[in-house]
2 protein chains.
Amino acid sequence: MEPDRLFAALAHPLRLRMLLLLLAEGELCVCELTHAMGAAQPMVSRHLAQMREVGLVQDRRAGLWIHYRLHPDLPQWARDALAAVADGLGRSEPHRSDRAALATMGNRPEGRAACCS
Amino acid sequence: MEPDRLFAALAHPLRLRMLLLLLAEGELCVCELTHAMGAAQPMVSRHLAQMREVGLVQDRRAGLWIHYRLHPDLPQWARDALAAVADGLGRSEPHRSDRAALATMGNRPEGRAACCS
DNA sequence: CCAGAATATCCTGCTGACCGCATATAACGA
DNA sequence: TCGTTATATGCGGTCAGCAGGATATTCTGG
């Protein structure tokens, strides 16, 4: 994990929001992230791909849905840095609203059951 | 301090190297950083200016020399994140060599006495 | 006032990031 | 096989970041 790439990945509002949301929620599919961000799906998908290529996040296919989570092999210093950021910014905007928007979302795919909208 | 700007500032090898060196050494003038980086002075200066505009570092004029240090008003979460990075990367390249290069530099301006090169 | 050292800024070209839109792929159910 | 849902990718235009080189600014000492 080259640090330059990691910080470049964090240097975008949407990516930082998604990453902090993943850090707080554990694992989310693209439709959940799209809903929480209030952004267009292709944009969410492309920014997720960017973070995946850098090794920040990992994807897992489960039927129609693709779940993203923090990459398990992320070095400890990166996890510590992210934890510091989440601790400092998680309670403020826009991250608080992001979690709220996610909570009010209906028909979320839980695990692998239930259907989506 | 907007996080995007902070991470964008860290998303460049030269800036990250300079910042970690400042974090380790406390305060350095431009000529010391230029020597340690082995880069052209205008480039060092411009990247320092970029970090200054974002609020990452602060400059202090002392005669001919301008000393840079980590900005005192940096929020705690940013300091924690930087500490995690420094702790994880400080012992490896290129940051180890940077400190070594700085140590072998002659005629460093100490405090405000002594002349430079 | 003049020379020189340390630092900052201007200019130009270039590459890469970003966006919006449209479309392609993959999986599931009937 | 067909339609539908979820996700990814290709394309074109625009804009910001970056490098190099030259030059300007600021301070010091004489």
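We name chains A, B, ... by the order of the sequence lines, and we start the count at 1 in each one.
Ionic pairing of A/Arg60 and A/Glu27 is present here: one or more N-O contacts between side-chain nitrogen and carboxylate oxygen are shorter than 4.0 angstrom. A salt bridge does not link B/Glu25 with B/Arg99: every distance from a Lys NZ or Arg NE/NH1/NH2 to an Asp or Glu carboxylate oxygen is 4.0 Å or more.
Residues A/Gln58 and A/Arg52 have side chains that never bring a donor and an acceptor to within less than 3.5 angstrom of each other.
Atoms CG (B/Asp4) and C1' (C/dC18) sit 14 Å apart, rounded to a whole Å. As rounded to whole Å, 14 Å separates atom P of C/dC19 from atom CE of A/Met37. Rounded to whole Å, the distance from CG on A/Asp59 to P on D/dA6 is 18 Å. One can place CH2 of A/Trp65 at 10 Å from C1' of C/dA27, the figure rounded to the nearest angstrom.
By the 30° and 60° cut-offs, the orientation of the rings of A/His47 relative to A/His12 is tilted.
The phosphate of D/dG17 (OP1 or OP2) has no side-chain N or O of B/His47 nearer than 4.0 angstrom. Under 4.0 angstrom from either OP1 or OP2 of C/dA6 there lies no side-chain N or O belonging to B/Tyr68.
Consecutive pairing runs in DNA chain D reach the stem threshold at C:1-30 with D:1-30, where a stem means at least three Watson-Crick or G-U wobble pairs with distances under 3.5 Å.
Out of C/dA26, D/dT26, C/dA8, the shortest distance to the side chain of B/Val30 is found at C/dA8. If you check C/dA8, C/dA5, D/dA8 against the side chain of B/Leu64, the one that comes closest is C/dA5.
Contact annotation: the side chain of B/Asp87 never approaches that of A/Trp77 to less than 4.5 Å [non-hydrogen atoms, C-beta and beyond].
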Distances for protein N/O vs nucleotides 9-17 of chain C N/O pairs under 3.5 angstrom?
{"from": "C/dC10", "atom 1": "N4", "to": "B/Arg46", "atom 2": "NH1", "distance (Å)": "3.0"}

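For B/Arg79, the CZ atom counts as densely surrounded, since its 6.0 Å shell holds more than 12 non-hydrogen atoms of other residues, nucleotides or ligands.
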